[in-house]
Amino acid sequence: MLKGIKVIDFTNYLPGPFATLRLAELGAEIIKIEPPEGDPARSTGIKKEGTGLVFLANNRLKKSLTLNLKEEEGRQIALKLISNADVILESFRPGVMGKLGLGYNDVKKIKPDIVYCSISGYGQQGLLSVLGSHDINYMALSGVLSQLKDKHGKPVHPSITFADFIGGMAANERILAGVVSRFLTGQGSYHSISITDQMVSLMGNHVMVEKETGEAQGVSVLTGSIISYGLYETKDGRYMSLGALEPKFWQNFCTAHGREDWIEAHFSKSADSNPVFRELTALFKRKTFYEWIEFAQMVDCCLAPMLEAGELIDNPYFKEKELVFVSSWGDYQVKMHSDIKDLYFTPPPKKGEHNDEILNEIYR
């Protein structure tokens, strides 16, 4: 769908590379601009054969060009490359691209119809824009982290960087809107994505509910407070998710167990004082995780297993779609778009792997 769209990617670490990976699977050409020492994600965290796993997971299907943007030669090469591009994505601190002579006002002089997107923690201007920040900060400030609490009210530290991924998706949304606008009007556009602002956009229901009712945890029936929507422990210490909000699904669940007497308790509280909740909890503990999985596939009742990361590749649902796969270069990768067939994947590029190819192309 995006074949013929050229994206110049100045981003590092996670939100930007995740965004351009999704664009790459849609057919865009991604040219990743790296400093001479490479994207820091190459050398950060757990590594495979000397390269960071976060880099390997988010940079397939891209080309790598190393440039020293602090030197005039590197800047001129970047501008030459931009003059034939459609999209720029950058994630430096606010003002850095401008200091390098590569800000939107600089670029639009040579490429008026460029779609230019900046990803940052707190936006390009304003109270917090100059401060360093990471995913956990955006989660906390936005109010999203306050929605992840244990039964004692203590926040649970997430082990997935929701804000980084959502920020990347939001950047893609604006980039694609900019590409459509350019097609319709012939004009380029600038887009500033604040990751914190994107996280706050998830809080619409919660803000409204809190102002109307004083309840800070959002829609109450979705918080585990009722018996038909929650997490239940199995005989072997695993967990199943039950989401039988609609009467037909709850009835299917109850009838399958010969407990029609539970149907009227559909929206009753998940509390030890509730005898149906106690009985339901005991029921889940009478079957193993895999016995419940088998049940969930036979009875239409909104029941699904809580899988671990290592189980995804062999789960029939994901296996059928080949969503998690062993790459031709020997590691595990996850597709961004499950419905796009016959994708040919190229491995994450070596640092500067495409220098000669790209430079020969822009100077031929």
- Full working for side chain to side chain contact (heavy atoms under 4.5 Å, CB included) between E29 and I5: CA-CA 6 Å; E29 178 185 5; I5 298 294; over 6 Å; no
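- With respect to E34 and R42, a salt bridge is recorded, a charged nitrogen being found less than 4.0 Å from a carboxylate O.
- Within a 6.0 Å radius of NZ in K341, more than 12 heavy atoms belonging to other residues, nucleotides or ligands are found.
- For A265 against I227, the heavy-atom pair with the smallest separation is O-CD1, 3.1 Å.
- In this structure, Y13 and T11 have side chains that are not in contact, with every pair of non-hydrogen atoms separated by 4.5 Å or more.
- Partners of Y138 by ring-ring contact (aromatic ring centres under 6.0 Å, His included), not counting sequence neighbours, listed by chain and number: Y122.
- T185 is linked by a side chain to side chain contact (heavy atoms under 4.5 Å, CB included) to S181, Q187, counting only residues two or more places apart in sequence or in another chain.
- Less than 6.0 angstrom separates the ring centroid of W292 from the ring centroid of F295.
- Taking the ring-ring contact (aromatic ring centres under 6.0 Å, His included) definition, one finds that F92 meets it with nothing, sequence neighbours left out.
- The side-chain hydrogen bond (donor to acceptor under 3.5 Å, both in side chains) analysis of residues 272-281, with sequence neighbours excluded, yields the pairs R259-E279, W262-E279, S268-N274.
- With contacts defined as side-chain heavy-atom distances shorter than 4.5 Å, the pair L81/I358 qualifies.
- Judged as a side chain to side chain contact (heavy atoms under 4.5 Å, CB included), and not counting sequence neighbours, the contacts of I136 are L145, H157, P158.
- Pairs passing the ring-ring contact (aromatic ring centres under 6.0 Å, His included) check and including a residue from residues 193-233, sequence neighbours excluded, read Y232-F284.
- Salt bridge present: E25 and R60 bring a charged side-chain N and a carboxylate O closer than 4.0 Å.
- In the hydrophobic clustering of this structure, I30 groups with L89; members are Ile, Leu, Val, Met, Phe, Trp, Tyr whose side-chain heavy atoms approach within less than 4.5 Å, directly or through other members.
- For the atom pair SG (C117) and CG (L176), the distance works out to 10.0 Å, reported to the nearest 0.5 Å.
- Hydrophobic clustering (side-chain heavy atoms under 4.5 Å, transitive across Ile, Leu, Val, Met, Phe, Trp, Tyr) keeps I226 apart from L280.
- For G121 against T196, the heavy-atom pair with the smallest separation is O-OG1, 2.9 Å.
- Residues L67 and G74 share a closest heavy-atom pair of CD1-O, 3.8 Å.
- Hydrophobic clustering keeps V7 apart from V107 (ILVMFWY residues linked when any side-chain heavy atoms are closer than 4.5 Å, directly or through intermediates).
- Residues D236 and T234 come closest through the heavy atom pair OD1-OG1, 2.6 Å.
- The ring-ring contact (aromatic ring centres under 6.0 Å, His included) pairs that include a residue from residues 54-79 number zero, where partners must be two or more places apart or lie in different chains.
- Atom CD of E73 is surrounded by 12 or fewer heavy atoms from other residues, nucleotides or ligands within 6.0 Å.
- Note on I88 and L23: separate hydrophobic clusters, where clusters join Ile, Leu, Val, Met, Phe, Trp and Tyr whose side-chain heavy atoms are under 4.5 Å apart, directly or indirectly.
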- Apply side-chain hydrogen bond (donor to acceptor under 3.5 Å, both in side chains) to the pair S225 and K269, showing each step before the final yes or no. CA-CA 6 Å; S225 63; K269 296 295 183 181; 4.7 Å; no
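- Checked for salt-bridge contact, K319 and E311 miss the test: no charged N lies under 4.0 Å from a carboxylate O.
- Within a 6.0 Å sphere centred on CD of Q125, other residues, nucleotides and ligands contribute 12 heavy atoms or fewer.
- The neighbour count for K235 NZ, taken as heavy atoms of other residues, nucleotides or ligands under 6.0 Å away, does not exceed 12.
- T213 contributes no side-chain N or O that, together with a main-chain N or O of E210, makes up a donor-acceptor pair within less than 3.5 Å.
- Checking K62 against T20 by side-chain atom types alone, a donor-acceptor pair falls below 3.5 Å.
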Compile the donor-acceptor pairs under 3.5 Å between side chains in residues 164-174 and protein atoms, sequence neighbours left out, one pair per line.
| from | atom 1 | to | atom 2 | distance (Å) |
| --- | --- | --- | --- | --- |
| N172 | ND2 | A19 | O | 3.0 |
| R174 | NE | H191 | ND1 | 3.2 |
| R174 | NH2 | H191 | ND1 | 3.3 |

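- In the hydrophobic clustering of ILVMFWY residues, with side-chain heavy atoms under 4.5 Å counting as a link, I263 and L242 come out apart.
- A salt bridge links E357 with K63: the distance from a Lys NZ or Arg NE/NH1/NH2 to an Asp or Glu carboxylate oxygen falls below 4.0 Å.
- Residues passing the side chain to side chain contact (heavy atoms under 4.5 Å, CB included) test with S241 are L231, A304, sequence neighbours excluded.
- Around the NZ atom of K287, the shell of radius 6.0 Å holds more than 12 heavy atoms that belong to other residues, nucleotides or ligands.
- Here the side chain of D135 pairs a donor or acceptor atom with the backbone of A163 at under 3.5 angstrom.
- In this structure, I119 CD1 and F18 CZ are separated by 11.0 Å, a value rounded to the nearest 0.5 Å.
- Evaluation of the ring-ring contact (aromatic ring centres under 6.0 Å, His included) rule for Y104 yields Y116, Y190 as partners, not counting sequence neighbours.
- Of the possible polar contacts, one joining the E215 side chain to the Q217 backbone as a donor-acceptor pair under 3.5 Å is found.
- The stretch residues 329-364 participates, sequence neighbours left out, in these ring-ring contact (aromatic ring centres under 6.0 Å, His included) pairs: F325-F345.
- The closest donor-acceptor contact from the side chain of N137 to the backbone of S133 lies at 3.5 Å or more, if one exists at all.
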- Task: Tell me, with the steps shown, if E353 and S64 meet side-chain hydrogen bond (donor to acceptor under 3.5 Å, both in side chains).
- Result: CA-CA 6 Å; E353 179 179 343; S64 171; over 6 Å; no
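- Interatomic distance, CD1 of I110 versus CG of L79, reported as 4.5 Å (0.5 Å rounding).
- Within 6.0 Å of the CD atom in E322, the count of heavy atoms belonging to other residues, nucleotides or ligands does not exceed 12.
- Atom CG of L323 sits about 9.5 Å away from atom CG of L312, to the nearest 0.5 Å.
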- Just do the side-chain hydrogen bond (donor to acceptor under 3.5 Å, both in side chains) check on T66 and N355 with the steps written out, would you? CA-CA 7 Å; T66 53; N355 282 14; 2.8 Å; yes
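- In this structure, L14 and V54 approach most closely via the heavy-atom pair CD1-CG1, 4.3 Å.
- Other residues, nucleotides and ligands place more than 12 heavy atoms under 6.0 Å from the CG atom of L131.
- Of the possible donor and acceptor atoms, none in the side chain of K111 sits under 3.5 Å from a partner among the backbone N and O of N84.
- Between D86 and R182, at least one side-chain nitrogen of the basic residue sits less than 4.0 Å from a carboxylate oxygen of the acidic one, meeting the salt-bridge criterion.
- Counting non-hydrogen atoms of neighbouring residues, nucleotides and ligands closer than 6.0 angstrom, the CD atom of E233 exceeds 12 such neighbours.
- In terms of the ring-ring contact (aromatic ring centres under 6.0 Å, His included) criterion, residue partners of H266 (sequence neighbours excluded) are, by chain and number, W250.
- For the pair D331 and K48, the salt-bridge criterion is not met [side-chain N within less than 4.0 Å of a carboxylate O].
- Across all their heavy atoms, C302 and A244 have their closest contact at CB-N, 4.0 Å.
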